[in-house]
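In what follows, a structure is listed as structure tokens, so that the remarks can point back to it.
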Amino acid sequence: MNPESNIIAKSRWLNQAKFLFLFVLSSAAMLASAQEAHKVITIETRHNAMALQVGANKRVSMIYFGHKLAHSDEYANIPSLRRQGTDPSGIANSAYTPAGSRNLLEPAIEVTHANGNTSLDLQYVSDQTQNEANNVSTTSIVLKDPVYAFTVTLYYRVYADDDVVEQWSVIKQTEKGNVTLHKFASANLYLTANSYWLNQFHGDWAREMQPQESELTAGIKTLDSKLGTRTDLFQPPSFMVSFDKPATEDEGKVLLGSLEWSGNFKIDLEVDPTKNLRLIAGMNPYASEYSLKPGEEFKTPAFLYTYSEEGKGNASRNLQRWARDFQIVDGKGARLTILNNWESTFFDFNETKLAALLKDTKKLGTDVFLLDDGWFGNKYPRNSDNAGLGDWKENKAKLPSGIGYLVKEAQNNDVKFGIWIEPEMVNPKSELNEKHPDWVIKQPNREDYLYRNQNVLDLSNPKVQDFVFGILDNLFTKNPQLGFIKWDCNAVIYNAYSAYEKKQSHLYIDYVRGLYSVLARVRAKYPKVPMMLCSGGGGRVDYGALKYFTEFWPSDNTDPLERVFIQYEYSYFYPAITSDNHVTDWGKQPIKFRTDVAMMGKLGFDIMVSKLNADELQFCQQAIQTYKGFSDVVWHGDQYRLLSPWQNDLASVLYLSEDHSKSIMFNYLVSNRYDAGSHLPIPLKGLNPDKRYTVKEVNLYPGTKSAINETLIFTGDFLMKVGINPVVNAHRASVILEIDEVK
Ligand code: DGJ
């Protein structure tokens with residue numbers, strides 16, 4: 001072969017090899033993309049699963065949500081079996097619906113790109129799952145716009161043992177300028193059933209957590225808040241959706257959801273034209289367009305949910321367990337009983353009065369004395385709610401020897417000292433307002449408008465964040481023995497305007513981010529101190545804030561009859577260990593009824609101990625000791641609702657220890673109709689059928705006898721099939737039974 005033909009042959013061979021190589025490469029790519037196109041990403045908990053499918057067009061849709069299938073390769077068969085009409089857009093079941101391209105329904109995200117274009121398409125790039133300890137894993141799915149340098153990563157954090165998922169998104173852009181986010185949901189679920197039943201909650205001050213259940217009709221039902229702070233005042237970000245029929249305690253398919261965010265929220269429940277339910281939850285985009293710089297990330301808060309096919313009781317136990325194990329501060333630890341002075345003194349106290357109350361704390365037997373509002377302000381003394389808020393120095397007339405003296409007095413009495421603060425707010429009549437008018441949220445050109453005589457401080461401003469952190473830090477630096485903090489928040493945001501923000505529409509979101517950043521600093525420095533989350537009652541009860549708190553104040557309404565209902569409803573979402581229940585003078589019930597109701601959570605008192613008669617005092621002292629004997633079961637056990645106060649003469653709720661050896665059953669009469677009471681035995685739940693148990697009544701009022709035969713021994717089987725009658729009637733309006741395993 002001459003050299004020339006040799007070269008030609010070589011080059012032919014090279015060309016053929018190149019062709020072959022490219023062919024193999026492109027076939028592999030085609031195969032990979034074909035596989036990718038049908039890829040099903042499953043997100044599974046112990047009992048449930050969500051299946052997401054990458055379509056031929058790389059769009060990710062949600063094809064299944066429910067009990068998990070035994071064979072995960074079968075999820076892919078589901079879409080072809082559904083015959084519910086057509087979705088012309090092809091993206092009604094999107095895992096995260098982008099606005100502006102082919103969307104026809106409620107979007108999860110809406111943006112204006114750097115060049116002014118308003119369209120968005122999101123296509124699959126990759127997914128991965130990372131496992132952590134304790135059966136926790138996080139799946140992330142990266143989606144990208146094929147035209148713009150814009151990505152959204154969807155996160156699903158799975159707590160497998162609890163059947164709980166937290167879902168959020170991270171939005172990022174690297175375009176040639178700022179992008180405006182108009183909507184930015186945390187989660188977008190697509191759920192299938194014949195009908196959907198929404199159980200939502202509404203309320204106002206002293207009327208928290210009023211439930212309302214209704215069937216969702218075609219179109220959108222929105223749960224939202226625009227209050228800025230104390231955003232749950234009219235409606236909390238927690239709800240339930242039952243599928244096919246309203247779920248009961250022990251039966252039916254139900255999803256319990258809640259947004260982990262203390263600011264404005266928006267939860268849309270859209271029954272679409274194909275009769276599926278599109279659930280889109282996140283921060284409220286109302287007045288909150290957010291400008292995102294190139295390279296910047298926008299992280300949404302988590303939407304939390306659990307799903308059960310065994311009714312609301314099981315779903316709520318899942319959430320309660322998850323909260324204790326993963327979310328609230330010290331969920332597995334113990335809690336302190338409290339004597340608070342708010343209802344007994346209001347603003348009217350001095351050192352002598354408080355010294356006496358500290359002695360009473362000891363006498364009563366609670367762990368902490370909690371000094372409430374009114375201890376500060378000098379130029380503008382805090383003697384009512386219209387002055388002094390913001391001036392966090394002891395009022396010299398009331399407390400000449402300062403907080404330090406009270407902390408020492410508490411130590412001398414062998415109790416802890418706790419203190420109330422409301423650090424996010426300010427009265428116009430305050431030195432703080434005079435010194436830093438620019439720290440106050442209010443419109444510059446408009447008449448000031450107040451809520452409880454106060455404004456909200458601008459927590460989007462880092463200087464204000466430092467100030468708020470400093471209030472706590474100073475208290476702890478001067479009084480390291482401080483044992484408890486009550487963090488209140490009484491005003492909503494009116495006239496939303498920040499002298500600090502460059503873009504006013506960032507205020508609502510940056511406020512909450514600023515608040516969380518302060519709380520994170522507090523927790524980094526003081527990780528253990530018990531803190532109560534209060535907001536003029538339950539105006540701010542959500543898992544975003546509860547990450548930094550040990551407990552919350554459900555309502556200023558402490559009328560025990562009302563509390564039976566309020567606590568019952570909160571318990572669907574929050575464990576008893578988080579619920580601060582105080583015995584006060586609200587309501588007409590005797591002190592035993594009031595104490596029994598308060599025991600169904602974290603017991604405290606807000607009464608004048610010195611005004612109790614001998615029997616009442618003895619009863620309260622004994623009650624605290626009795627409570628200390630079983631509080632572990634209430635705080636850390638599983639809760640079973642036995643009788644609902646909404647449908648019965650009495651409410652009955654049981655807490656059961658993890659090893660099934662001990663349970664506490666609370667029973668309260670909620671009707672004063674003739675002969676109202678427990679006429680039949682109430683079947684218990686959760687016990688071990690093979691164990692044998694005794695039943696005894698606890699927390700009896702001095703001089704009264706129990707109506708329960710304590711000598712009988714029952715099997716768990718009997719107690720769950722037949723039950724026990726607590727003998728509740730007008731003469732025995734509240735009864736606590738302790739059910740112990742015979743060992
Ligand atoms: C509202 C709270 O809910 C009350 O318990 C009390 O702390 C007052 N604020 C004090 O102003």
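Owing to the predicted nature of the structure, the values given are computational and were not obtained by experimental measurement. Remember, it's 1-based here, ligands and their atoms both numbered in the order they're listed.
Atom numbering of ligand 1 starts at 1 in the shown order; those under 4.0 Å from a heavy atom of G537 are 3 (O). Atoms of ligand 1 found under 4.0 Å from any heavy atom of C534, numbered from 1 in the order shown, are 2 (C), 3 (O). When each atom of ligand 1 is checked for a heavy atom of W420 under 4.0 Å away, the hits are 7 (O), 10 (C), 11 (O). Using a 4.0 Å cut-off to heavy atoms of W553, the atoms of ligand 1 that qualify are 3 (O), 5 (O).
Scanning the protein for heavy atoms near atom 11 (O) of ligand 1, the closest one is D373 OD2, 2.6 Å. For atom 7 (O) of ligand 1, the nearest non-hydrogen atom of the protein is D372 OD1, 2.7 Å.
Side-chain atoms of D488 never come within 3.5 Å of backbone atoms of E422 as a donor-acceptor pair (strictly under, hydrogens ignored). Using a distance-only test at 3.5 Å, with no hydrogens or angles considered, no donor-acceptor pair links the side chain of D373 to the main chain of F346. Proximity of a side-chain donor or acceptor of R335 to a complementary backbone N or O of T550 within less than 3.5 Å is detected. Of the possible donor and acceptor atoms, one in the side chain of N427 sits under 3.5 Å from a partner among the backbone N and O of A387.
For the ligand labelled ligand 1, residue E343 lies outside the 4.0 Å heavy-atom shell. Within the structure, ligand 1 lacks H582 among the residues with a heavy atom less than 4.0 angstrom away.
In this structure, the side chains of P575 and Q639 stay at 4.5 Å or more apart for every pair of heavy atoms.
Between atom 3 (O) of ligand 1 and the options D488, D556, N557, the minimum heavy-atom separation is to D556.
Considering backbone and side-chain N/O atoms, F347 never comes within less than 3.5 Å of an N/O atom of ligand 1. In terms of polar-atom proximity, R382 is not counted as a contact of ligand 1, lacking any N or O under 3.5 Å from an N or O of the ligand. Taking any N or O of W342, backbone or side chain, none lies under 3.5 Å from an N or O belonging to ligand 1.
Within the cation-pi definition used here (under 6.0 Å to the ring centroid, within 45° of the axis), K525 does not qualify as a partner of F476. Annotation: cation-pi pair K602/W635 absent, no NZ/CZ under 6.0 Å from the ring centroid and within 45° of its normal.
Using a cutoff of 4.0 Å between basic side-chain nitrogens and carboxylate oxygens, E424 and R540 are scored as salt-bridged. A salt bridge does not link K379 with D391: none of the charged nitrogens is closer than 4.0 Å to a carboxylate oxygen. Using a cutoff of 4.0 Å between basic side-chain nitrogens and carboxylate oxygens, R521 and D466 are scored as salt-bridged.
Counting heavy atoms under 4.0 Å from ligand 1, residue K486 touches it through the side chain alone. At a 4.0 Å heavy-atom cut-off, ligand 1 touches N490 through the side chain alone. Proximity of M532 to ligand 1, defined as any heavy-atom pair under 4.0 Å, is not found for any part of the residue. With a 4.0 Å cut-off on non-hydrogen atoms, S535 does not touch ligand 1 at all.
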